[in-house]
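Data block below; observations after.
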Amino acid sequence: METRVLGKTGLKVSVLSFGCGAVGGLMVKGAAADQERAVARAMELGINYFDTAPMYGNGESERNLGRVLKALQRPEVYVGTKVWLERTGDIGKFIADSMEASLRCLGQDSVDLFQLHNPISDAKRDGSISPKTVREQVLPAFARLREQGKARFIGFTALGDTPAIQSVLDLFDTAQVSYNLLNPSAGMKLPASYPAQDYGNLIARAHASGVGAIGIRVLAGGALSGVETRHPLGMQSVDPIGSASTYAGDVARAIRFGELVKRGFAQSLVEASLRYVISNPNLTTTLVGLATLEQLEHAGLSAQKGPLPADALRLIATTQQGFVGETR
């Protein structure tokens, strides 16, 4: 599998990474044996970055990943986790305590990447953190963790309000960026009437600043499978991020990319979705959430096929243009 350099970190990361979140659910609610098989198989496929967070199953994801890596004798992979600030007060202490809890769950002395999980916004809503708080309180706390050797690099989840996100982008080593077939605005300029949040070509901005871009929501929470039914291990209700107003709306739009499969550019919508984001050379890697070993196999083999051909990208652009003017 192709590897790319994760911005200023210098880490060579596989273009597909293993998301240990609750949307897929395997590393939260899956059987222990299935989790171990999946992580081992991911490494065989060339995947070398594993991303988790305390919020995923109230620590279950971190604990399960830590157990599996220990069983596999801590292979040479990169591990990232996050902190979600749930209260005001002594933010520095909260971050330090969260890191200690994560390290205990993971059974490690340090992580390769420690990330702010909250969305970035000046509006006080949905657990968002203001750029001012990021600069004055979050970054000093992150710097202390680096000095202590507990985090090699720092990043953030680039969700929230686009101007706020862009204002703190170059303060971090990495950014997790929402980017998919339904909302490609993090990777290109879109018309103002496109029915999705405009992330303002964030991936190119990150690349220019040496910030490693990590793709998230590559399958729009599962909608880009083209079906509304969800695996029992996965999160049963998914709120769209930056795309349609409902999950069903995302699925309906996803189906319109079916021509890619009909013309033989990909064997499935999932394959097309993964290879589409990989086609952006400035995106270092993309996380994929999983429920089963079969899903991992399909995702890994899809990624190994590499970027889509130019004709497929032109067809995608035509389909996306058809969304212009529609309501979210």
Side-chain angles (χ1 to χ4, degrees), residues 6 9 11 17-23 25 27-29 35 49-70 74 77-160 164-165 167-169 171-176 211-212 214 216 235 287 289:
L6 187 61
T9 73
L11 302 179
S17 293
F18 194 118
C20 301
V23 174
M27 296 303 292
V28 175
K29 297 187 290 185
Q35 293 168 346
Y49 175 61
F50 294 80
D51 186 270
T52 184
M55 287 187 70
Y56 302 155
N58 193 27
E60 283 301 301
S61 174
E62 289 181 322
R63 283 187 284 272
N64 290 329
L65 179 61
R67 170 182 49 76
V68 170
L69 292 179
K70 182 179 180 180
R74 185 58 173 93
V77 297
Y78 303 122
V79 174
T81 192
K82 310 179 188 76
V83 57
W84 178 279
L85 300 177
E86 297 178 345
R87 59 173 172 78
T88 57
D90 190 341
I91 286 178
K93 183 177 186 305
F94 187 91
I95 289 173
D97 290 346
S98 181
M99 171 63 98
E100 291 302 320
S102 290
L103 293 178
R104 285 194 299 272
C105 288
L106 288 164
Q108 298 185 182
D109 297 325
S110 66
V111 292
D112 298 288
L113 181 59
F114 193 59
Q115 303 154 101
L116 177 65
H117 209 169
N118 303 65
I120 311 299
S121 174
D122 282 308
K124 296 180 179 179
R125 64 173 186 271
D126 300 330
S128 62
I129 300 296
S130 71
K132 183 174 186 290
T133 300
V134 170
R135 293 189 184 91
E136 296 181 358
Q137 299 186 62
V138 174
L139 287 173
F142 277 22
R144 286 192 290 273
L145 294 175
R146 295 183 76 166
E147 291 167 2
Q148 294 164 6
K150 295 176 181 178
R152 292 178 67 189
F153 303 104
I154 60 171
F156 78 116
T157 302
L159 299 176
I165 294 168
S167 74
V168 301
L169 179 65
L171 303 177
F172 292 91
D173 298 316
T174 67
Q176 293 202 348
V211 177
I214 300 171
I216 59 173
M235 189 179 293
L287 295 172

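Quick caveat, the model's predicted, so the values are computed rather than measured.
- Salt-bridge check for Glu147 with Arg144: failed, with every basic side-chain N at 4.0 Å or more from each acidic carboxylate O.
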Open item on the list: Set out, in order, the CA-CA distance, both residues' side-chain angles and the distance that settles side chain to side chain contact (heavy atoms under 4.5 Å, CB included) for Ile214 and Leu287, then state yes or no.
Closed with: CA-CA 7 Å; Ile214 300 171; Leu287 295 172; 3.9 Å; yes
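- Scanning both residues, Asn58 and Arg63, for their nearest heavy atoms gives O-NH2, 3.0 Å.
- The minimum heavy-atom distance linking Gln108 with Ser110 is given by the pair NE2-O, 2.8 Å.
- Although no hydrogens or angles enter the test, the distance criterion places no donor-acceptor pair under 3.5 Å between the side chain of Thr81 and the main chain of Val111.
- Residue Thr9 holds its OG1 atom at 8.0 Å from CG of Leu113, rounded to the nearest 0.5 Å.
- Using a distance-only test at 3.5 Å, with no hydrogens or angles considered, a donor-acceptor pair links the side chain of Ser61 to the main chain of Cys20.
- Taking the six-membered ring where the residue is Trp, the centroids of Phe142 and Phe114 are separated by under 6.0 Å.
- Expressed to the nearest 0.5 Å, how far CD of Glu86 lies from OG of Ser98 amounts to 8.5 Å.
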Open item on the list: With side chain to side chain donor-acceptor pair (under 3.5 Å) as the criterion, how do Glu62 and Ser102 come out once you've worked through the C-alpha distance, each side chain's angles and the decisive distance to 0.1 Å?
Closed with: CA-CA 7 Å; Glu62 289 181 322; Ser102 290; 2.7 Å; yes
TODO: Could you give me the CA-CA distance, side-chain angles and deciding distance for Met27 and Phe18, then say whether side chain to side chain contact (heavy atoms under 4.5 Å, CB included) is met?
DONE: CA-CA 10 Å; Met27 296 303 292; Phe18 194 118; 3.6 Å; yes
Considering only distance and modelled atom types, tabulate donor-acceptor pairs under 3.5 Å from the side chains of residues 149-160, sequence neighbours left out.
| unit_1 | atom_1 | unit_2 | atom_2 | d |
| --- | --- | --- | --- | --- |
| Lys150 | NZ | Glu100 | OE2 | 2.4 |
| Arg152 | NH1 | Asp112 | OD1 | 3.0 |
| Thr157 | OG1 | Leu116 | O | 3.4 |

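- Distance CD1/Ile129 to OG/Ser121: 10.0 Å, rounded to 0.5 Å.
- Residues Val83 and His117 are not in side-chain contact: their nearest non-hydrogen atoms beyond the backbone lie 4.5 Å or more apart.
- With sequence neighbours left out, the side-chain hydrogen bond (donor to acceptor under 3.5 Å, both in side chains) criterion links Arg146 to Asp173.
- Not a single donor-acceptor pair under 3.5 Å links the side chain of Lys82 to the backbone N or O of Pro54.
- The two residues Leu6 and Gly212 come nearest to each other via the heavy atoms CD1-CA, 3.7 Å.
- Using modelled atom types, one side-chain atom of Asn118 and one backbone atom of Leu85 make a donor-acceptor pair closer than 3.5 Å.
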- [ ] Start with the C-alpha gap between Leu139 and Phe172, add the side-chain angles, then the distance that decides, and say whether side chain to side chain contact (heavy atoms under 4.5 Å, CB included) holds.
- [x] CA-CA 9 Å; Leu139 287 173; Phe172 292 91; 3.9 Å; yes
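- Checked by atom type and distance alone, the side chain of Ser167 pairs as donor or acceptor with a backbone atom of Ala164 at under 3.5 Å.
- Every residue meeting the side-chain hydrogen bond (donor to acceptor under 3.5 Å, both in side chains) condition with Gln176, not counting sequence neighbours, appears here in chain and number order: Asp51, Gln115.
- Using a 4.5 Å heavy-atom threshold, the side chains of Pro131 and Ile120 count as touching.
- In this structure, Leu169 and Ala175 approach most closely via the heavy-atom pair CD1-CB, 3.8 Å.
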Task: Verdict with reasoning, Met99 to Ile95, per side chain to side chain contact (heavy atoms under 4.5 Å, CB included) - done: CA-CA 6 Å; Met99 171 63 98; Ile95 289 173; 5.6 Å; no
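- Residues Val28 and Asn64 are not in side-chain contact: their nearest non-hydrogen atoms beyond the backbone lie 4.5 Å or more apart.
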